[in-house]
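Here is the structure we will look at, set down as C-alpha cells.
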Amino acid sequence: MLDLKFVRANPETVKEGLKKRGISVSLDEFLKLDEKRRSLLTEVEELKSKRNTVSEKIGEMKKAGEDASKMIEEMRQVGDQIKELDAQVKEVEEKMENELLSIPNIPHESVPFGESDEDNEEVRRWGEPRKFDFEPKAHWEIGEKFDILDFERGAKVAGARFTFYKGLGAALERACINFMLDLHTREHGYVELFPPFMVNSGAMIGTGQLPKFAEDMFKIENSDYWLIPTAEVPVTNIYGGEVLKEDQLPIYHCAYSACFRAEAGAHGRDTRGLIRQHQFNKVELVKFSKPEDSYEELEKLTANAEKVLQLLELPYRVVTLCGGDLGFSAAKTYDIEVWLPSFNAYREISSCSNFEDYQARRANIKYKPKKGKASYVHTLNGSGLAVGRTVSAILENYQEADGSIIIPKLLRPYLGGLEKIEAK
RNA sequence: GGAGAGAUGGCUGAGUCCGGUUGAAAGCGCUCGACUCGAAAUCGAGUAGGCGGGGCAAAACCUCGCCUCGUGGGUUCGAAUCCCACUCUCUCCGCCA
C-alpha cells in the first residue's frame, strides 16, 4: 500500500511510476474523496469537540445539583449529527482504502521499462547449458519411466496439475527440501520457520494477494482461511502489527511450505510435468530490513538463492523484471531461471523481490530506531528454491545416454549415498 | 464439543462492582542530563499510536483538535468502566493425530 500522504502530495510521481508498469491510473477520483474526507472530518471533529466540553460541563453542573436538561437535550441532537457524519466518513474511507489497496507498488528507478517477460533484462549467467549427444527426455518422461512421478494417478485422486511423487522421486523431493533448508540455516544465517499452510484474509491483504488476486488462490469453504500460495504470506505477516527493535534487524527467515495456486488463466500452459502444479513445494527466504539496507539485502538474498543452483551445478541466468512483468507488491524483482533441456530454455525457479515498505505498511510492520520515530521496515523475499522445478531440472540436466540420472554430489548424503537413479 | 477466567502503553500491572480532570497510577525498560577517569549505583527530566487543522515549500519540530484500553455494534449529554456479538489467550472436562 502506498502512503496516503505521499499520494496526496505527489500524485504525478505515482502516475509516472505506474506508467512503468504499463498502467495509467487516474487519481482524480481518489484525490476528490480525500478532500471530501478531510472536510467531513473537520466538521465532525468540531462537533465532537463541542460535545466533549459540554458533557464535561454537564457533569460539573450535576455534581453541583444544577439543572442541565437543556444542555443534555442539545447534546442529544449533536450526537445524532455526529452519528450521521461518522457514517459518511466511514463510507468515504472504505472507498479510499479499497482504492489504495488496489494500487500496485511503484517500481524502483533501476527497473527497466517493458511490457512483458520478453523485455526483462539479463543480468548474468552461470554455468553452461549441457550439449547432449542424444535426445534428452523431458522430466515427465523420465519420471514415468522410473515410476518416480505419477501424473495420472495424481489427476485421478485430485485433478489436473496434481502429482504423486513415488519412491526415489519422493525421496529426491525431500532431499532437495532438506538440502536447501540446511544450506540457508547453516551457511546463510536464516532462522527456519515452519509456518501455517492456511492464513486468514488479513494476512493475505498484508502481503498484497488480497483484495485483487482472490481468484488465483484456494479458499476454504465456510471460513476465513485461504491456502497459502507461498510461505511469503505467513512468514512476512509473522511480525504484522509489531514494532521491532532496530538491533533485531535485519531478520532472516527461511521456511519450507507447500504452496497452493489456482492457476486461473493458465489453461493450456505447462500442462505436462511438474512446472505448473496446483500444489508444489518451495523453500522461501524472507527478510525484514532497515530501509537503507534493503537493496543490498536483495542482492544478498538473490545470491543465497543462486548458491543452491551453483551447489547443485545447474546452469541458470538472472534477469531483472521489467515494469510490465513486475509483481503487484514488488518494487524490484530478480528472477532466477534454470536451464531446462525439455524447454530448451531458461525457466523461472526463483523470484527475489524487494517490496520496500509496501507490504510493511499493509501489514503494519515497523521498527524503532535508536533515535527518532518508529517507521516501516522493508520486506524482501525470494524462493530458495521452488522444489518441484529443481527436481525437474535435476532429472533433465543430469540424465545420461544410458537413461540413468546422476544425483548431484551434495544431494547424495540426503539420499543415503545414492549416486544415480537407474533402471532396475 | 462443555464449564469457567481473562485481553489496558515497549513490558509487568492498577483502574472496571458504584460511568464524569484516567490516554490512563505504580514499577520495569528505554532516551537525555547530572554525578564519575569511566561504569555501576543514585538523582533529575522525558517516554503510546493513528488521523485532521494551523505554523511550514517540505521534512523534522511546535501547536490545537479528534480517535484508539482485543474487534465491531449498542445504551448514555458523557463509556477502559454498563449491554450485545465476535476474535484470541489461559484453566478444567471430553474427544483426537
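In what follows, every heavy atom counts, from backbone to side chain, and hydrogens, waters and symmetry copies are set aside. Reminder, nothing fancy here: chain letters follow the sequence lines and each chain counts from 1.
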Indicate whether any N or O donor in one side chain lies under 3.5 Å from an N or O acceptor in the other, for [X] and [Y].
X      : Y      : answer
A/S24  : A/K15  : no
A/N105 : A/S329 : no
A/H139 : A/E396 : yes
A/Y414 : A/D182 : yes

> With sequence neighbours left out, which residue pairs that include part of residues 211-242 of chain A fulfil the ring-ring contact (aromatic ring centres under 6.0 Å, His included) condition?
Replying inline: A/F213-A/F328, A/F218-A/H278, A/Y239-A/H253, A/Y239-A/F288
Say we look at [N] and [M]: how far apart would their [atom1] atoms be, to the nearest angstrom?
N     : M     : atom1 : answer
B/U81 : B/U21 : P     : 14 Å
B/G19 : B/C83 : P     : 11 Å
B/G1  : B/C86 : P     : 13 Å
B/G15 : B/A25 : P     : 14 Å
B/A97 : B/A3  : P     : 25 Å
B/G70 : B/U89 : C1'   : 10 Å
B/A80 : B/A24 : P     : 12 Å
B/G50 : B/C69 : C1'   : 15 Å

> So among A/K5, A/R8, A/K95, which one has a salt bridge (charged side-chain N to carboxylate O under 4.0 Å, His left out) with A/D34?
Replying inline: A/R8
Heavy atoms only, 4.0 Å cut-off, all strands: where does [X] land among base, sugar-phosphate and nothing?
X     : result
A/I58 : base
A/K5  : sugar-phosphate
A/K83 : sugar-phosphate
A/K62 : base
A/R8  : sugar-phosphate

> Between A/N52 and A/R38, who's closer to the 5' end of RNA chain B by nearest nucleotide?
Replying inline: A/R38
> Which residue, A/E56 or A/D34, contacts RNA chain B at a nucleotide closer to its 5' end, judged by nearest heavy atom?
Replying inline: A/E56
>> What I want to find out is whether A/R269 reaches A/E263 closely enough, with some N-O distance under 4.0 Å, to be called a salt bridge.
In response: no
> First and last nucleotide of RNA chain B touching chain A, 5' to 3', heavy-atom cut-off 4.0 Å?
Replying inline: B/G20 to B/G78
>> Ring centroids only, cut at 6.0 angstrom: are A/Y295 and A/H108 within range, meaning strictly under it?
In response: yes
>> Wobble G-U and Watson-Crick pairs count when both distances are under 3.5 Å; given that, what is the 5' to 3' dot-bracket string of RNA chain B, with | for pairing to other strands?
In response: ((((((((.[[[..)....(.....]]]((((((.......))))))((((((((.....)))))))).[[[[[..)....]]]]])))))))....
> What pair of heavy atoms forms the shortest contact from A/E422 to A/S404, and how long is it?
Replying inline: CB-CB, 3.8 Å
> Side chains of A/R362 and A/T207: does their closest heavy-atom pair fall under 4.5 Å?
Replying inline: no
